[in-house]
Every structure is written in structure tokens, then in C-alpha cells.
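Encoded as C-alpha cells, the structure appears first; notes follow it.
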Amino acid sequence: MAIIAHIDLDSFFASCERVRNPDLADSGVVICMFSGRGQDSGAVSAADYTARDLGIHAGMPISQARQLASDTGRDVAFLAADKPFYKEVSERVMDLIREHVDRIEVASIDEAYADLSHVDTYDAAVNVMQRVRQEIREQEDVTASAGIGPNKLVAKMASDQDKPDGLTTVPPGTVSAFLADMPVKELHGVGPKTADRLQELGASTVRELRDISVQRLVTVFGETRGIALHEKAQGEGSEILEEREKKQLSRIETLPENTRRMSDIRPVIRKLSEDVIGRVENHDMRYKRVAAIFVTAELERQTRSRTLKAPTRSVETLFRTAESLTTDFLETHPDVEVRRIGVRAAAFDSGEQQTLDRFQQE
DNA sequence: TTCATGACCTC
DNA sequence: CCTTGTGTCATGAA
């Protein structure tokens, strides 16, 4: 049976900032996405454990976080997120992990799953992971938490058990007991909405979820999600995927002020289109579908999309299509003001298809 | 089947 | 003066 590890870099963005600025050693660190409207508008992207103790957490408005910090009088640094820098550190860490294991699935900028099936005992797996964590600490000066189990689901939940800087092992025989008393909302993929609906069915814990039949779950949640919930309750996880193909790429940004003037919105669409195309090119992809994303003054999110006749990687096509979707949207919604605007490319075709497509086009 | 959009999740 | 940014999946209509 497989042995899988989940590695989670502890309050990663904040740790990265500490690495390049030792002055931050003794203060709390809050990483912010400033939206550019007014002093402190924007949201908290990440908070270190000191800040979390003050009640600050990801998603919270920056102004509110600042209030919490000043209330307690603690020293807390509020820094703008520097994604490219964190990405560099992340890539070095992932490479380092890769040297110790056969296969790795990079789940996000600060998380990865590793296949440890080349070792044959959990003791050996623990040794490998302690070495990996030590190297990460020595070479990048950031700590990592890890979980080891028979699959991704269990490994991930195990890594959550002892944070920061911990390691938890859940061998196959102990999975059932490990999960039984866990609240269902701690299962990966079960958010507040699903947790509420499960509670209505009488399942607050995994043990209770386990007692609901698949049929029942499918009736309530639909085929895909129902079966997935059932499997999670049994402690079954999916396979490691070393590279999974991107299905869409998007950028969204807050406008300086709510508006419905194209002269305000157009230049932002232009910039976002260029950013998205940059990434489309990096992946050597061609997109066939374009979407414009609108967040209204009331914070409601809407999208409008259009499928192209042929795949392309043109920035002009992306820009003009998004622009056209936006004017359409404004025309059909005479009363809405736009707060945030986004551009998405999707329905990718890999570069190989190029000659064929071109042939069809001409 | 394809297309368009909203629900939902995570951070 | 108030919340970012990115992604996957389900669903209903054409």
C-alpha cells in the first residue's frame, strides 16, 4: 500500500518576509493585498501565528486587522504581498523535496504531496520526512509541517494536526479512529455550505457522515459530490498527480473607484489581458474561451463568456473579447457600477494542435 | 454535446 | 468606508 506525505510550509508568506528582513523576528507579520483605494483598503492574504493569536486571519479586511493589532498594542508589521518572491522560494523548496522522493504533486505555492512508496515502512517514511523538513529549515530558513498516511486525504489531515513545525503519522490501521471524531468541515473540500447541509442530515463528524448511505448523499449532493463525500468519510483519497493541466487562467483587480465608464475600465482590461497571455504563453497553450468577470459595487460576482471559433494565443483577441463582453454587460445592466474587473482565458488546446487549427481556419 | 453561469472552496 | 485572488465543478439551457 502506498505511503503518502503532505508537506505544508508554515505561514509561508510571512516566513518568506522574515527571511529577507531579520528585523521582523520579534514582531507579528501580516501579508496584505492592498486594493489601492484609500490607506488600508484590501484584504489579509496571510498572517503568522503571532498575528493569528490576535484574531487576524486570511480574508479579513486590512483595516479590521490593524484595529485588532492596535487594540493589543503588539508589534505587528503589515506588508504588501510579493508573490514573485514567494514563488522563487517555493520553487527551491519543491525542488529540494523532489530530491528525496519519487514523485511529488505541487498542490499550491506552499503545499505538496509526496509519494513515499519507495520506502516500505512508516518508520522509514518518518525518517525521510524529518530529513526533508530539516533541509527546508537549513536551506531556506522556513519551517514545514508534515503528515504521513496511506493517501492524500489522510496525509493532508494529518499535517493539520500539529502546526506549526510538526509531523503526524497516521498508518493505515489507525485511519478510521483518526477520522471518526473529526468535524466534517475539516475534510478537504467540505466548506461551510456543505457542512451546514450535512448537519441538517445529522452529520457533524466523520463518524456520523460514515453512517449516511451513498445513495442518500447522491440524492442530496448529486452524483459526483455525493460519491466523493462518501469516499472521504471512509478515508479514501485520490491519486498523486505530478502535473495536472491548467483548465483556466485568470486575473482580477479592484478598480480605483466604482465606475461604469469604459475609459476607466479599458486600460485595466488591457493590463489584465497582457498578464493572462503571459501565463498562457508560459504554458505553451492556446485558449478558445474568454470570460470577463465583474464584481459589482454590491460585491456580487458575475461572469460573461464567449467561445472563439478557433484557438489562439493573441493578446488582442483576449483584450477585445473581454472589452466587448464588458460593454455588453454594461448595456444590459444600466444600473450597476463595477468595483472589480477580471479577464479569464479557458478551454485550452496544447500547442501541438497549432498546424491543424491553422489549416482549418484558412 | 457545447455553452454559459453560478456555487463552492481555499487562502 | 466596505474583501483578494485563483480555480474546479454542477447544472440548466440551447
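Chain A is the first sequence line, chain B the second, and so forth, proteins listed ahead of strands; every chain is numbered from 1. Source: prediction; values computed, not measured.
Residue G59(A) is classed as a base contact, given a heavy-atom separation below 4.0 Å to a base. In this structure, Q302(A) reaches the sugar-phosphate backbone alone: every heavy-atom distance under 4.0 Å involves primed, P, OP1 or OP2 atoms, never a base. S41(A) comes within 4.0 angstrom of nothing in the nucleic acid, heavy atoms only. Nucleic acid contact class of K156(A) (heavy atoms, under 4.0 Å, all strands): sugar-phosphate only. Note on L249(A): only backbone sugar-phosphate atoms sit closer than 4.0 angstrom, heavy atoms only; bases stay farther off. Using a 4.0 Å heavy-atom criterion, one finds that E111(A) contacts the sugar-phosphate atoms exclusively. Contact annotation for T194(A): backbone-only contact, meaning every heavy-atom pair under 4.0 Å involves sugar-phosphate atoms and none involves a base.
For S45(A), no side-chain nitrogen or oxygen approaches OP1 or OP2 of dT4(C) to under 4.0 Å. Of the side-chain N and O atoms in R340(A), one or more sit less than 4.0 angstrom from OP1 or OP2 of dT4(C). When the side-chain nitrogen and oxygen atoms of S250(A) are compared with OP1 and OP2 of dG5(C), none of them lie within a distance under 4.0 Å. Applying the 4.0 Å criterion to OP1 and OP2 of dC2(C), one finds that R339(A) has every side-chain N and O outside that range.
Checking dT4(C), dT8(C), dA10(C) against the side-chain heavy atoms of T224(A) singles out dA10(C) as nearest. For I252(A), taking side-chain heavy atoms from C-beta onward, the closest of the listed nucleotides dT6(C), dT3(C), dA10(C) is dT6(C). The side chain of R251(A) sits closest to dT6(C) out of dT6(C), dT8(C), dG7(C).
As a whole-Å value, the separation of Y86(A) OH from dG5(C) C1' is 14 Å. A straight line from CZ of R66(A) to P of dC2(C) spans 12 Å, rounded to a whole angstrom. Between the C1' atom of dT4(C) and the CD atom of E300(A) lies a distance of 18 Å, rounded to the nearest Å. Remark: P of dT3(C) and CG of N258(A) are 11 Å apart, rounded to the nearest angstrom. Distance CZ (R344(A)) to P (dG5(C)): 15 Å, rounded to an integer number of Å. The nearest whole Å value for the distance from the CG atom in L255(A) to the C1' atom in dT4(C) is 14 Å. Nucleotide dT3(C) holds its P atom 11 Å from the CG atom of D40(A), rounded to whole Å. Rounded to whole Å, the distance from CZ on R197(A) to P on dA10(C) is 13 Å.
Side-chain heavy-atom separations under 4.5 angstrom define the hydrophobic clusters, and the remaining members of the one that includes V218(A) are V214(A), I227(A).
Side-chain atoms of S15(A) come within 3.5 Å of backbone N or O of D10(A) as a donor-acceptor pair. For R197(A) (side chain) and V220(A) (main-chain N/O), a donor-acceptor pair under 3.5 Å exists by modelled atom type.
Bounding nucleotides for the chain A contact on DNA chain B, 5' to 3', at a heavy-atom distance below 4.0 Å, are dC3(B) to dC11(B).
Of the P atoms belonging to dC8(B) and dT6(C), the separation is 22 Å, rounded to the nearest Å.
Under the side chain to side chain contact (heavy atoms under 4.5 Å, CB included) rule, V93(A) has a single partner from E135(A), R98(A), E88(A), E140(A), which is E140(A). Just one residue in the list R216(A), Q215(A), E208(A) forms a side chain to side chain contact (heavy atoms under 4.5 Å, CB included) with I212(A), and that residue is R216(A).
Note on I7(A): it clusters hydrophobically with V89(A), by side-chain heavy-atom contacts below 4.5 Å among ILVMFWY residues. The hydrophobic cluster containing V276(A) also contains V268(A), counting ILVMFWY residues as joined when their side-chain heavy atoms lie under 4.5 angstrom apart, directly or transitively.
If you find the closest nucleotide of DNA chain C to R279(A) and to V44(A), the one lying nearer the 5' end belongs to V44(A).
The pair K163(A)-D8(A) meets the salt-bridge criterion, since a charged nitrogen lies less than 4.0 angstrom from a carboxylate oxygen.
Between H6(A) and Y113(A), the ring planes lie tilted relative to each other; the angle falls in the 30° to 60° range.
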